[in-house]
Amino acid sequence: MSVKALKGFKDILPGEVETWQRIEQTARDIFQRFGFNEIKVPILEKTTLFKRSIGEATDIVEKEMYTFADRNGASLTMRPEGTAPVLRAYVEHGLQVKKPVQRLYTIGPMFRHERPQKGRLRQFHQLSAEVLGSGLAMLDAEVMAMAALVLRELGLTVSLEINSLGCRKCRPGFNQALVDFLAQHADKLCNDCERRRQTNPLRVLDCKNEHCREQYKNSPSILEHLCKDCREHFTEVRKNLDLLNIDYKVNSFMVRGLDYYCRTTFELLTDNLGAQSAVGAGGRYDGLVKQLGGPDVPGIGFALGLERLALLMEHQGLSSPESKADIFIAALGEEALNRAFILVHALRNAGLAATMDHQGRSLKNQMKQAGRMGASFTLIMGEEELSRNKVILRDMASREQQDLELSTDLSSWAADLKKIINQNPS
RNA sequence: GUGAGCGUAGCUCAGCUGGUUAGAGCACCUGGUUGUGGCCCAGGAGGCCGUGGGUUCAAAUCCCAUCGCUCACCCCA
């Protein structure tokens with residue numbers, strides 16, 4: 001058996017990659033409009049970075065990280081999410097002094113050792129954006145609006161759900177109320193919820209079990225336990241979303257898997273991803289920058305899952321086609337082949353996507369190749385034409401052909417040909 | 001970590017109450033056109049039937065194991 005890719009690691013092949021490029025390009029364009037700058041950060045970090053940010057007791061840290069010892073014994077981890085590395089870079093380079101409010105985005109792979117399933121891989125890719133330096137509710141709304149716009153410009157329809165998780169002041173009170181509630185119903189919980197009750201009570205809220213859901217309808221709501229500041233913040237967020245005409249639904253059962261979230265959290269949801277429903281999610285993480293040794297600045301961010309977006313695009317019939325050639329050069333005979341080799345280079349220099357067959361195959365075969373790669377035009381270089389110093393230009397869609405006089409100045413000849421081709425895009 | 005389903009050509013799959021040389025469609029190559037693609041027709045190439053063991057006169061087919069993939073749970077983008 002030949003070597004295959006690791007479980008949960010996928011190749012993105014020609015034909016699929018174009019959709020990814022389109023997603024990235026759309027997002028980059030929109031992020032730029034919102035004043036975000038790209039930052040590229042490493043994939044490997046010290047393990048402590050993630051333990052300190054995501055939280056020691058989370059599933060991600062406890063059982064999903066690709067963690068291993070470096071040759072010198074240091075514990076390294078392949079990033080399971082993008083916020084921590086970006087904040088690390090922000091702190092390390094003192095980016096807070098360059099702009100009072102930093103808007104950063106990054107694109108790249110993340111790694112979590114989970115069992116793969118639809119829309120979930122061990123190496124997956126995220127587009128993530130962070131705003132550091134402002135706790136204003138306007139930013140919460142703006143960030144959500146930006147994420148929603150990316151989806152909209154891609155032609156995707158998703159729903160936005162928001163919630164507030166409170167802060168260090170008010171969440172403990174809610175937590176206690178929830179624990180008390182669960183204690184009263186302990187005998188009626190499913191096995192998973194019983195476990196969650198001990199380890200992470202908040203998590204019971206998004207249990208999929210019908211019976212549990214039924215009971216939790218009467219459970220205490222986080223929104224009723226918010227402190228005055230958090231309550232006001234949440235009200236402001238909602239008001240600002242309304243001002244921007246962003247549709248959303250408040251879901252007080254929405255929980256996040258990372259410890260650092262506080263106040264606003266949100267998810268972009270779809271029904272078309274199998275068991276996975278979130279194509280994007282994010283929230284506020286005031287206090288995290290300070291926790292990582294930086295200034296005490298608030299932050300908010302979100303991530304979009306690229307595989308999930310690509311899956312949705314495919315599901316909606318929005319996949320991008322494989323990129324095509326502008327022109328194919330079909331050469332007949334050894335002499336023509338040599339001249340075609342030079343010509344194709346001149347065409348590429350002129351900015352055309354030009355390609356040829358180097359094997360000396362039959363014209364029929366070369367025409368077939370031209371058609372297969374979607375070339376709009378084919379240049380036929382046969383000995384007969386070359387003896388007259390000409391080539392045939394064939395419009396593949398209309399099947400019309402014309403003779404073109406060759407020139408010794410190949411670069412200007414190629415530039416002229418480019419003009420002809422651009423006038424007749426097929 | 002748990003559960004279920006599936007492994008046959010590059011891809012999608014048929015064949016599986018055991019029975020000769022394992023099939024189809026798509027894709028690929030050649031020809032029908034001495035130098036003209038898409039459609040059509042003809043031909044061709046391409047398989048340790050995931051792997052190992054067992055039952056049997058005989059295994060793609062039945063049994064066991066193992067590996068792999070997929071989906072779901074947990075959890076998450």
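Numbers restart at 1 for each chain; the letters A, B, ... are given by sequence-line order, proteins then strands. Just so you know, these numbers use all the heavy atoms, side chains as well, and skip hydrogens, waters and symmetry mates.
- Under a 4.0 Å N-O distance rule, the pair Arg22(A)/Glu153(A) does not qualify as a salt bridge.
- Distance CG (Asp192(A)) to C1' (G3(B)): 13 Å, rounded to an integer number of Å.
- Note on Glu81(A): nothing from the nucleic acid sits closer than 4.0 angstrom, heavy atoms only.
- Atom pair Phe266(A):CZ and C76(B):C1' shows a separation of 15 Å (rounding to whole Å applied).
- Counting to the nearest Å, the C1' atom of A77(B) and the CZ atom of Arg120(A) are 10 Å from each other.
- Side-chain N/O atoms of Arg28(A) and Gln25(A) include no donor and acceptor closer than 3.5 Å.
- To the nearest whole angstrom, the two P atoms, one in U21(B) and one in A60(B), are 10 Å apart.
- Straight-line distance from the NZ atom of Lys63(A) to the P atom of C75(B): 8 Å, rounded to whole Å.
- To the nearest whole angstrom, the two P atoms, one in C62(B) and one in C49(B), are 16 Å apart.
- When every heavy atom of Leu352(A) is checked against every heavy atom of Ala414(A), the shortest pair comes out as CD1-O, 4.5 Å.
- Across A27(B) and U12(B), the matching C1' atoms stand 11 Å from one another, rounded to whole Å.
- For the pair Cys207(A) and Ala281(A), nearest-nucleotide mapping onto RNA chain B gives the more 5' position to Cys207(A).
- Between Cys207(A) and Arg213(A), the shortest heavy-atom contact is O-NE, 2.9 Å.
- The aromatic rings of Tyr66(A) and His113(A) sit tilted, their planes meeting at an angle between 30° and 60°.
- With salt bridges taken as basic N to acidic carboxylate O contacts below 4.0 Å, none links Lys390(A) and Glu384(A).
- In this structure, the ring of His345(A) has its center no less than 6.0 angstrom from the ring center of Phe341(A).
- Checking side-chain atoms of Gln402(A) against main-chain N and O of Arg394(A) turns up no donor-acceptor pair under 3.5 Å.
- Arg112(A) comes within contact range of at least one nucleobase, with a heavy-atom separation under 4.0 Å.
- Nucleotides U30(B) and C73(B), compared at atom P, are 49 Å apart to the nearest Å.
- In this structure, Arg196(A) reaches the C74(B) phosphate: one of its side-chain N or O atoms is under 4.0 Å from OP1 or OP2.
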Fill in the blank from the handout: Scoring nucleotides 36-42 of chain B by protein non-hydrogen atoms under 4.0 Å (B base, S sugar-phosphate only, - none) yields BBB----
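- Between A45(B) and G31(B), the distance separating the two C1' atoms is 14 Å to the nearest Å.
- Pair assignment for C29(B): G43(B), on the basis of Watson-Crick or G-U wobble contacts that are both within less than 3.5 Å.
- Ring centroids of Phe36(A) and Tyr105(A) are separated by 6.0 Å or more, keeping the two rings apart.
- The nucleotide A65(B) finds its pairing partner in U51(B), both defining distances of the Watson-Crick or G-U wobble pair being shorter than 3.5 Å.
- Across the protein-nucleic acid pair, Glu322(A) atom CD and A27(B) atom C1' stand 14 Å apart, rounded to whole Å.
- Note: CD1 (Ile60(A)) to P (C75(B)) measures 12 Å, nearest angstrom.
- In this structure, C75(B) forms no base pair with any nucleotide, since neither Watson-Crick nor G-U wobble geometry is met with both distances under 3.5 Å.
- Between the C1' atoms of U61(B) and U56(B), the separation comes to 13 Å (whole Å).
- Contact of Arg361(A) with C29(B) (side chain to base): no donor-acceptor pair of N or O atoms is detected under 3.5 Å.
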Under 3.5 Å, which N/O atoms of the protein pair with N/O atoms of nucleotides 66-72 of chain B?
from   : atom 1 : to        : atom 2 : distance (Å)
C69(B) : OP2    : Lys7(A)   : NZ     : 3.0
U70(B) : OP1    : Lys10(A)  : NZ     : 2.9
C71(B) : OP2    : Lys118(A) : N      : 3.2
A72(B) : OP1    : Ala275(A) : N      : 2.7
A72(B) : OP2    : Gln117(A) : NE2    : 3.4
A72(B) : OP2    : Lys118(A) : N      : 3.3

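- With a cut-off of 3.5 Å on both Watson-Crick or G-U wobble distances, the partner of A9(B) is given as none.
- Note: OH (Tyr66(A)) to P (C76(B)) measures 18 Å, nearest angstrom.
- When Watson-Crick and G-U wobble pairs are counted only if both distances are under 3.5 Å, U70(B) pairs with A4(B).
- Atom name P, nucleotides C13(B) and G50(B): the rounded distance is 15 Å, in whole Å.
- Between U8(B) and A59(B), the distance separating the two C1' atoms is 14 Å to the nearest Å.
- Nucleotide U20(B): unpaired (no Watson-Crick or G-U wobble partner with both distances less than 3.5 Å).
- Shown here is Met373(A), whose CE atom has more than 12 heavy atoms of other residues, nucleotides or ligands within 6.0 Å.
- Minimum heavy-atom separation, Lys324(A) to Ala353(A): O-CB, 4.2 Å.
- In this entry the distance linking CD of Gln123(A) with C1' of A77(B) reads 14 Å, nearest Å.
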